[in-house]
2 protein chains.
Amino acid sequence: MAVNVSDSVTEETMALRVVGALRDDIVTMTLKPGDVISESDIAGRYGVSRQPVREAFIRLAQQGLLLIRPKRATVVKKISPEGVRQSRFIRESIEVEIIRRVASHPGEAKAVLGELIAEQEAASSADDSRRFHTLDELFHRTLARLAGVEYAWQLIDDHKMQLDRVRYLTLGVSSSQVAIGEHKAIAAAVGAGDVAGAEAAMRAHLARAEVLLNQTISDHPDYFE
Amino acid sequence: MAVNVSDSVTEETMALRVVGALRDDIVTMTLKPGDVISESDIAGRYGVSRQPVREAFIRLAQQGLLLIRPKRATVVKKISPEGVRQSRFIRESIEVEIIRRVASHPGEAKAVLGELIAEQEAASSADDSRRFHTLDELFHRTLARLAGVEYAWQLIDDHKMQLDRVRYLTLGVSSSQVAIGEHKAIAAAVGAGDVAGAEAAMRAHLARAEVLLNQTISDHPDYFE
DNA sequence: TTTTCCAATCTTGTATGGTAGATGGGTTCT
DNA sequence: AGAACCCATCTACCATACAAGATTGGAAAA
């Protein structure tokens, strides 16, 4: 998922290269909320003209990561707690609907999810939080695929980036053991075809993020509006 | 909601003016799916340089209305039936969650929704389908506001545009009387605090769009992938 | 006639210069 | 000293020129 800037063949156009590099810097908090950047600044940093940088700014602004203040400056958007909550409302709405569909028609779900959970336990034992993060995301994406709405999952990727920034701040904090237990509960209910139980388990799983958000706001108040 | 191109004070920058004009042309099918446009073409048409037009293209491409084929051309994206179905999956997921929240805690909901329905009946009697469309959208937006997630509603506006194109094709077709009846059922269940009933009524309301979509694909096969 | 190939002419991508609005700091006036 | 003001300097915005890939049509060869 990470894009290396110096990699000169992966991306087609310079503009997309800059988009990938900046997005990575923003999500990983290398560029912190509130940081001021400018077209010429970034252009010089990556050795390109202002034009592709400008287009990158436009794309990232539309994804809610940058705020372009005309004739003034462009800043890395601070995280809006309300925006995070509503992004999570969207995510919860969709994930609940997904888990219902999957639980209604299990099928290969139980086996597939079981494998993923096993990998997660391996990553957790190895204390590889980066890999666990990837596997966690894959768990939810797999549910979407099982429900036949993987494309819909891609559609909300933009909104998910807001959540990813918060998540990055809580990388070490989030106890993966707890998450794995919740994943097991979800998989078990799905395997049993227990729709209501699966929905409840999913809601409980997502609700834990609320606590993390409030804690993160306390830890990094200057990153939020 | 419509933006007049010749209006020279409403929009701030030329790029945003072009965005609004093109989006309006696309949603209203003035620019049809599959139509090929070019930066210089549009630039000449609006009397600006290629630069702001190019930026407009980028924005609209990110919203899924245009498809930029590098060094080749830019075309009005054809409507993807699968994309429409998944966009509607997203919408249904969110609207169901919204209607649950509102039905759980009615309050002023019944009165507010009642007023909107009355206006819809007036528009329907006057055969003003354009106004009915606006009121219909307002009905759903109001539900989002009542649930305290109006911002979330704005977040999915981009995806809704895909649905709006289909909807425009069925403007005269969709019998507003049926829609009003469904709105009444929703409002009644909400007013009674009947969560399950409100959810069922909302699902029934949204399900009707599936029929319209299939009919529209038959009527305009060249507009779809 | 059919096929191959090349060149004119499209397209979008990139670079650069100039414009107007906004900011900040120093100067001048009161 | 305090406040108003002006100007150097920043910003994003727009216009223009050039570059490079893709397409198309016709000419030339088989």
Side-chain angles (χ1 to χ4, degrees), chain A residues 3 5-23 25-26 31-78, chain B residues 3 5-23 25-26 31-78:
Chain A
V3 175
V5 187
S6 56
D7 196 334
S8 50
V9 285
T10 43
E11 304 275 356
E12 335 246 3
T13 70
M14 298 304 299
L16 291 181
R17 291 258 302 280
V18 176
V19 167
L22 286 179
R23 183 180 46 203
D25 282 349
I26 293 174
L31 283 174
K32 305 183 192 313
D35 280 0
V36 176
I37 57 183
S38 80
E39 294 176 1
S40 4
D41 177 23
I42 303 296
R45 196 177 303 175
Y46 291 103
V48 297
S49 84
R50 301 188 335 256
Q51 184 61 27
V53 174
R54 173 174 175 75
E55 297 177 0
F57 279 16
I58 291 176
R59 287 182 162 93
L60 293 170
Q62 212 167 6
Q63 295 178 2
L65 292 182
L66 291 183
L67 174 63
I68 300 177
R69 302 197 306 178
K71 309 291 177 68
R72 272 179 283 275
T74 296
V75 302
V76 180
K77 208 170 179 180
K78 293 206 174 187
Chain B
V3 175
V5 187
S6 58
D7 196 335
S8 50
V9 285
T10 42
E11 304 276 356
E12 335 243 2
T13 71
M14 297 304 299
L16 291 181
R17 291 256 302 279
V18 177
V19 167
L22 285 179
R23 182 180 47 203
D25 282 348
I26 293 174
L31 284 174
K32 305 185 192 313
D35 280 1
V36 175
I37 57 182
S38 81
E39 294 175 359
S40 1
D41 177 23
I42 303 296
R45 196 177 303 175
Y46 291 104
V48 296
S49 86
R50 271 184 51 208
Q51 188 60 31
V53 174
R54 175 174 175 77
E55 298 175 1
F57 279 18
I58 291 175
R59 288 182 161 94
L60 293 170
Q62 220 168 9
Q63 296 178 1
L65 293 181
L66 292 182
L67 174 64
I68 300 177
R69 303 197 304 176
K71 308 289 179 72
R72 271 178 281 273
T74 297
V75 301
V76 179
K77 208 170 179 182
K78 292 205 175 188

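Model, not experiment: these values are computed from the prediction. Chain identifiers are assigned alphabetically (A, B, ...) following the order of the sequence lines, protein sequences preceding nucleic acid strands; residue numbering begins at 1 within each chain. Keep in mind that the numbers below use all heavy atoms, side chains included, and drop hydrogens, waters and symmetry copies.
Partners of A/D35 by side-chain hydrogen bond (donor to acceptor under 3.5 Å, both in side chains), not counting sequence neighbours: none found. Among residues two or more places apart in sequence or in another chain, the side-chain hydrogen bond (donor to acceptor under 3.5 Å, both in side chains) test is passed with A/R72 by none. By the side chain to side chain contact (heavy atoms under 4.5 Å, CB included) test, B/K78 pairs with B/P33, B/E225, sequence neighbours left out.
Rounded to whole Å, atom C1' of D/dA20 lies 17 Å from atom CZ of B/R69. Summarising the geometry, the separation between CD on A/E39 and C1' on D/dC13 is reported as 8 Å, rounded to the nearest angstrom. Taking atom CD on B/Q51 and atom P on C/dG13, their separation rounds to 11 Å, with Å as the unit. Following rounding to the nearest Å, A/Y46 (OH) and C/dA15 (P) show an atom-to-atom distance of 15 Å. Here D/dA22 presents its P atom at 16 Å from CD1 of B/I68, a figure rounded to the nearest Å. Distance A/I42 CD1 to D/dT11 P: 11 Å, rounded to the nearest Å.
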Show each protein N/O and nucleotides 18-21 of chain C N/O combination with a separation under 3.5 Å, one pair to a line.
| unit_1 | atom_1 | unit_2 | atom_2 | d |
| --- | --- | --- | --- | --- |
| C/dG18 | O6 | A/R50 | NH2 | 3.3 |
| C/dG21 | N2 | A/K71 | O | 3.4 |

Got a list of side-chain donor-acceptor pairs under 3.5 Å for residues 55-69 of chain B, not counting sequence neighbours?
| unit_1 | atom_1 | unit_2 | atom_2 | d |
| --- | --- | --- | --- | --- |
| B/E55 | OE1 | A/R54 | NH2 | 3.2 |
| B/E55 | OE2 | A/R54 | NE | 2.5 |
| B/E55 | OE2 | A/R54 | NH2 | 3.2 |
| B/E55 | OE2 | B/Q51 | NE2 | 3.2 |

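Checking the phosphate oxygens (OP1, OP2) of C/dT11, a side-chain nitrogen or oxygen of B/S38 falls inside 4.0 Å. Within the 4.0 Å cut-off from OP1 or OP2 of D/dA12, not a single side-chain nitrogen or oxygen of B/T13 is found.
Across every non-hydrogen atom of B/V36 and B/A73, the tightest pair is CG1-CB, 4.0 Å. Scanning all heavy atoms of the two residues, the minimum distance from A/A43 to A/S49 falls at CB-O, 3.6 Å. Here the closest non-hydrogen pair linking A/V76 and A/K32 is CB-O, 3.5 Å.
One distance of note links CD1 of A/I42 with OG1 of A/T74; it measures 9.5 Å at 0.5 Å rounding.
Within residues 53-62 of chain B, the residues approached by DNA chain C to less than 4.0 Å at the level of any non-hydrogen atom are B/R54, in residue-number order.
The side chain of A/S49 has C/dT14 as its nearest neighbour among C/dT14, D/dT11, D/dA15.
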